[in-house]
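Written out below as structure tokens is the structure these notes cover.
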Amino acid sequence: MTAALPYANGPIHLGHLVEYIQTDIWVRFQKLRGHQAIYVCADDTHGTAIMLRARKEGRSEEELIADMQRQHQRDFAGFQIEFDNYGSTHAPENYELCQQFWTALRQAGLIVEKDVSQLYDPEAGTFLADRFVKGTCPRCKSPDQYGDNCDKCGATYAPADLIEPRSVMTGATPEIRTARHLFVQLEKLHDFLSQWVQEDEHLQPEVVNYLLGHFLNEPLRDWDISRPAPYFGFEIPDAPGNYWYVWFDAPIGYIASTWQWCKRVGESLECWWRSPDTEVHHFIGKDIIYFHTLFWPGMLKTAGFNLPTKVHIHGFLTVGGAKMSKSKGTFVRAEIYLRHLDPSYLRYYFASKLGPRLDDIDLNFEEFEAKVNSDLVGKVVNLASRCAKFASRMGLSSRYPDDGGLFDHAARAGDAIAAAYEQCDYARAMRLIMELADRANPFVEQAQPWVLAKDPAREEELRDVCTVALNLFRQLAVYLAPVLPDLARKAGDLLADPIEHWQQSQQPLVGTEVQPFQHMLTRVNPKEIQAMIEESKEQDAEQAVGEHVSQEQNASADTDPWNDSDEPLKKEPLAPECTIDDFMKVDLRVARVVAAEEVPEARKLLKLTLSLGGEVRKTVFAGIKAAYKPDELVGRLVVCVANLAPRKMRFGVSEGMVTAAGEGGEEVYLLSPDSGAKPGQRVH
RNA sequence: GGGCCGGUAGCUCAGUCGGUUAGAGCAGGGGACUCAUAAUCCCUUGGUCGCGGGUUCGAGUCCUGCCCGGCCUACCA
């Protein structure tokens, strides 16, 4: 099994984790079922972006990627993502395999040479990928557009068509240069690929439709697989001065990482990548479908390696129903999450949302809190914690008592749960498991162990009740083990019987000792969620500065450390001068949002009730619906225009304005006073 | 414009091959309990299954038209 290789140019964030957790669960499930499975991954280390970043930071690419790899591995470990091998595409094994693939492609007659004209940055001495060029859109004249298309009018063009193009890195005016590139003639594999994508359920059905409708319905284009120097990567042996494009060597990294594992444990790579007995499962996001379902099978076929058994494709992560946003603090890095919250929460939450399809999944923090607290702590862990105290002094009964069929029922549910895991329908698996948990707690309730505990004569009964409850708990822990390895380990410790195999869910445990109960999982503290979001905002403010200096802006960056864009001011020039008296006419006040609600018929408006302290309330309709949810506003302080003439709007009378910056739509940033300000205070 | 996916309770979703009175969890309301991390248990409110047409003895489910939302595309990969 593989998860996509994270690029060595940035930290792991919650969006990445959807995939690594999804894959980790699947691998752990396969291992629990008794299969020999390995999870390999690696850092994706090559490309122009890495080269440029290393240059800016004044160190070698090798130092940079080693540093990033340490961070990535630390973050993955923090989320209990357990790779059998975590390598790097810059490893010697990968170079050797790249040569094998290359030789095979040459021998198959799939490589051709063609001239490519590209923009070239004379100062940096490098060719510029489309996204490294910015300029004015040739169609609508919007400034500051990337080299491939305009996000204002949607026009697509070549980077050379931009008006006043400039290099994003140096600000230099690029020139057009021509270089020889090597291409793979993928079209020669067209028939094979058309067949492969359709057979044996290698891909989800909607992906097959997509590929057939978008790519396989016409000749496949040649794939530009080389980049001229300077480039950070592997130089192509029979084309000196040219390097394999990062997307050529990245997937080969899956095999290279496997090879490293093989060397370490004394296995043969042939048995894993050239054997009909081995299945290869790739887990990827929907953004890299093309590479994994067309190029990659084509390369594997040509070089004689195993084709993927299945490519499992997932959607993206949204937070609170919107794209992850740095300014809102919903762009949460793995490292920051771990400073505040338990990784088990996220593993379970993602599992409860992940289905077999490509839909995006949403992280909603209220739901997150509710699911973890009520499902995991309230239902599952509680089962153990409410009985373990009684049980630890007497151990489990030597025979499994009559439980009214509960254990058997849950044991029989194992097949359906396993099938759901197998199909990557973890949401279904979690539902099935929670149904079992819902049956277990009423048993304890009805058996009343706390009553039995008061009567020494009923000790046997008490022990039986605890034996049932703890066995039902253990069964749940086995079923949840792929998702919650930590809980499984603690369950194993409690009953002095490590959870290692799915079959352990089928037989009750009897006659063993019960260790003193220790907390297995604490409830989610919503304050920690808030703190995590706040810290994410701060981090990104710092980071944004660094990034802009290194990449986005031009030469003036050297003198202006903040390097803010002049665009907002250009868009909305200063208003005519006003006097202090003019200003004093506007009465700005600190106010607290005490209520906020959607206005169902309104597209843009939220209805806010502001408190100016004491009994003074104002109703304000604010055009911020796209940027804020009512719930996140309640309680916060804002600055409002308190003496604005009331205005009758379609949905009621608005008695003021809330101040905010931004262009409108989702780009709205409410002003907040620093802490200490009190509702009703005037802003001078 | 084209493609894909979706629209079921306040929220998140399940609903198998078309088959009885459409379900769960959470949230809300009422009660019980005290072993447990304010956990748990019982009862309960809540639905025009997006809208219209069609097929059928019977439609949340199949067909069709439309509306809404998301993603992907628009001759880039």
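All chains are named by letter (A, B, ...) in the order of the sequence lines, taking the proteins before the strands, and each is independently numbered beginning at 1.
Separating the CZ atom of A:Arg386 from the P atom of B:A36 is a distance of 10 Å, rounded to the nearest angstrom. What separates CZ of A:Phe473 from P of B:A36 is a distance of 17 Å, to the nearest Å. Distance, A:Phe443 CZ to B:C41 P: 14 Å, rounded to whole Å. Residue A:Tyr290 contributes atom OH, which lies 21 Å from atom P of B:G3 at whole-angstrom precision. As rounded to whole Å, 15 Å separates atom P of B:A39 from atom CZ of A:Phe517. Atom CG in A:Asp222 sits about 14 Å away from atom P in B:C76, given to the nearest Å. Residue A:Ile361 contributes atom CD1, which lies 15 Å from atom C1' of B:C71 at whole-angstrom precision. Atom pair A:Asp362:CG and B:C5:P shows a separation of 21 Å (rounding to whole Å applied).
Between B:U12 and B:G58, the distance separating the two C1' atoms is 31 Å to the nearest Å. Comparing the same atom, P, in B:G65 and in B:A22 gives a spacing of 30 Å after rounding to whole Å. Taking atom P in both B:A74 and B:C62, one finds a spacing of 31 Å when rounded to whole Å. Using atom C1' as the reference point in both B:U37 and B:U21, the two lie 40 Å apart (nearest Å).
A donor atom on one side chain and an acceptor atom on the other are not found under 3.5 Å apart for A:His16 and A:Tyr7. When only modelled atom types and interatomic distance are considered, A:Asp121 and A:Thr126 share no side-chain donor-acceptor pair under 3.5 Å. Judged by distance alone, the side chains of A:Lys527 and A:Gln530 never bring a donor and an acceptor atom under 3.5 Å apart. Side-chain contact of A:Arg386 with A:Asn441: a donor-acceptor pair under 3.5 Å is present, judged by distance alone.
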Would you list the protein and nucleotides 7-14 of chain B atom pairs, both N or O, that sit under 3.5 Å from each other?
| residue | atom | partner | partner atom | Å |
| --- | --- | --- | --- | --- |
| B:U12 | O2' | A:Glu367 | OE2 | 3.1 |

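For the pair A:Asp362 and A:Lys353, the salt-bridge criterion is not met [side-chain N within less than 4.0 Å of a carboxylate O]. The pair A:Glu369-A:Arg523 does not count as a salt bridge, with every side-chain nitrogen at least 4.0 angstrom from each carboxylate oxygen.
When heavy atoms are screened at a 4.0 angstrom cut-off, A:Asp438 is found touching the sugar-phosphate backbone but no base atom. Residue A:Pro449 is classed as having no contact, given no heavy-atom separation below 4.0 Å to the nucleic acid. Nucleic acid contact class of A:Gly213 (heavy atoms, under 4.0 Å, all strands): none. As judged by a 4.0 angstrom heavy-atom cut-off over every strand, A:Asn382 is placed among the base-contacting residues. Within 4.0 Å of A:Met520, counting heavy atoms only, lies at least one base atom of the nucleic acid. Among the protein residues, A:Val207 comes within range of no part of the nucleic acid, since none of its heavy atoms lies under 4.0 Å from any strand. Base engagement by A:Leu521 is indicated by at least one non-hydrogen atom pair under 4.0 Å involving a base atom.
Geometrically, A:Arg227 engages A:Tyr245 in a cation-pi contact defined by less than 6.0 Å to the ring centre and at most 45° from the axis. In this structure, A:Lys286 satisfies the cation-pi test against A:Phe316, with its NZ or CZ atom closer than 6.0 Å to the six-membered ring centre and inside 45 degrees of the ring normal.
Both A:Asn209 and A:Glu445 lie near RNA chain B, and the one whose nearest nucleotide falls closer to the 5' end is A:Asn209. For the pair A:Arg357 and A:Phe215, both in contact range of RNA chain B, the more 5′-proximal nearest nucleotide belongs to A:Arg357.
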Report, one line per pair, each donor and acceptor closer than 3.5 Å where one atom sits in a side chain of residues 204-213 of chain A; sequence neighbours left out.
| residue | atom | partner | partner atom | Å |
| --- | --- | --- | --- | --- |
| A:Gln204 | OE1 | A:Ile313 | N | 3.1 |
| A:Gln204 | NE2 | A:Ile313 | O | 2.9 |
| A:Gln204 | NE2 | A:Pro356 | O | 2.8 |

>> Could you write out RNA chain B as dot-bracket? Rules: Watson-Crick or G-U wobble, both distances under 3.5 Å, brackets [ ] for crossings, | for pairs with another strand, dot for unpaired.
In response: (((((((..((((.....[...)))).(((((.......))))).....(((((..]....))))))))))))....
